[in-house]
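Right, one structure below, let's go through it.
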Amino acid sequence: DTGVSQNPRHKITKRGQNVTFRCDPISEHNRLYWYRQTLGQGPEFLTYFQNEAQLEKSRLLSDRFSAERPKGSFSTLEIQRTEQGDSAMYLCASSLGFMQSGANVLTFGAGSRLTVL
Amino acid sequence: DQQVKQNSPSLSVQEGRISILNCDYTNSMFDYFLWYKKYPAEGPTFLISISSIKDKNEDGRFTVFLNKSAKHLSLHIVPSQPGDSAVYFCAARVFNTGGFKTIFGAGTRLFVKA
């Protein structure tokens, strides 16, 4: 297993364009998270999947953002009509856990850096 | 609403000495606290965790202390090594109707000087 894989690693786009990021989690992990990180800040929670079900979305996630996890495997994060304020590192993480047991340790990918011109 | 706060953006320590990274939180519903380490161009990696019912957890050179009454935790690294130079994120887990969510602090950049 190669860990959590994110593609593309870098994306430069013009304002108004749509972008899509893909995350391939560790295969046996049932939980998948998307975070956004800007310079000087920690990862900010965006959304969370347990298997294929999207269980929570942050208020940070405007209607321009949509995430899917078909069949509970890989996930995509799409940003429509990008704005300069969307420029950030988008991090995907996965974990394995059931109910409330354990600390729910997250394994992160290296991230996808978005630059909106 | 910053529920996890790391008030020191950076810390510089001499090799071999102790590094102490601090973290404060506001949400009493957090049930686990974690520390992650991040090197440039990589995602954060898990370092150590502590349950809210414990006050100390130790793993090799790393020890995390939790003071629930003060809503404060700290990470001690002893002895510090140059390879420990990285950004350290304090994180806390909360369980709600939507499931699990981990909230991160802004991070503290640690410099260990040789």
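Just so it is clear: chains get the letters A, B, ... in the order the sequence lines come, proteins before strands, and each one is counted from 1.
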Does any backbone or side-chain atom of B/Tyr36 lie under 4.5 Å from a heavy atom of chain A? Answer side chain, backbone, both or neither. side chain
Under 4.5 Å from any heavy atom of chain A, what part of B/Thr45 do you find: side chain, backbone, both or neither? neither
Closest non-hydrogen atom pair, B/Lys101 against A/Phe45: CD-CD2, 3.3 Å
Shortest non-hydrogen pair, A/Pro43 vs B/Pro44, comes out as CG-CG, 4.5 Å
Nearest 0.5 Å please: distance from the [atom1] atom of [X] over to the [atom2] atom of [Y].
| X | Y | atom1 | atom2 | value |
| --- | --- | --- | --- | --- |
| B/Leu34 | A/Asn104 | CG | CG | 8.5 Å |
| A/Tyr48 | B/Thr102 | OH | OG1 | 9.5 Å |
| B/Phe104 | A/Leu91 | CZ | CG | 8.5 Å |

Shared hydrophobic cluster, B/Phe111 / B/Phe62 (ILVMFWY, side-chain heavy atoms < 4.5 Å): no
Do B/Phe65 and B/Ile20 belong to the same hydrophobic cluster, where Ile, Leu, Val, Met, Phe, Trp and Tyr are linked whenever their side-chain heavy atoms lie under 4.5 Å apart, directly or via other members? no
With a 6.0 Å cut-off on ring centres, are A/Phe108 and B/Phe46 close enough? no
So does [X] have more than 12 non-hydrogen atoms from other groups sitting under 6.0 Å from [atom1]?
| X | atom1 | result |
| --- | --- | --- |
| A/Glu68 | CD | no |
| A/Ile12 | CD1 | no |
| B/Arg17 | CZ | no |
| A/Leu39 | CG | no |
| B/Arg61 | CZ | yes |

Side chain, backbone, both or neither of A/Arg113 within contact of chain B (heavy atoms, under 4.5 Å): neither
Pick from A/Met89, A/Gln37, A/Arg9, A/Glu44: which one has the most heavy-atom pairs with chain B under 4.5 Å? A/Gln37
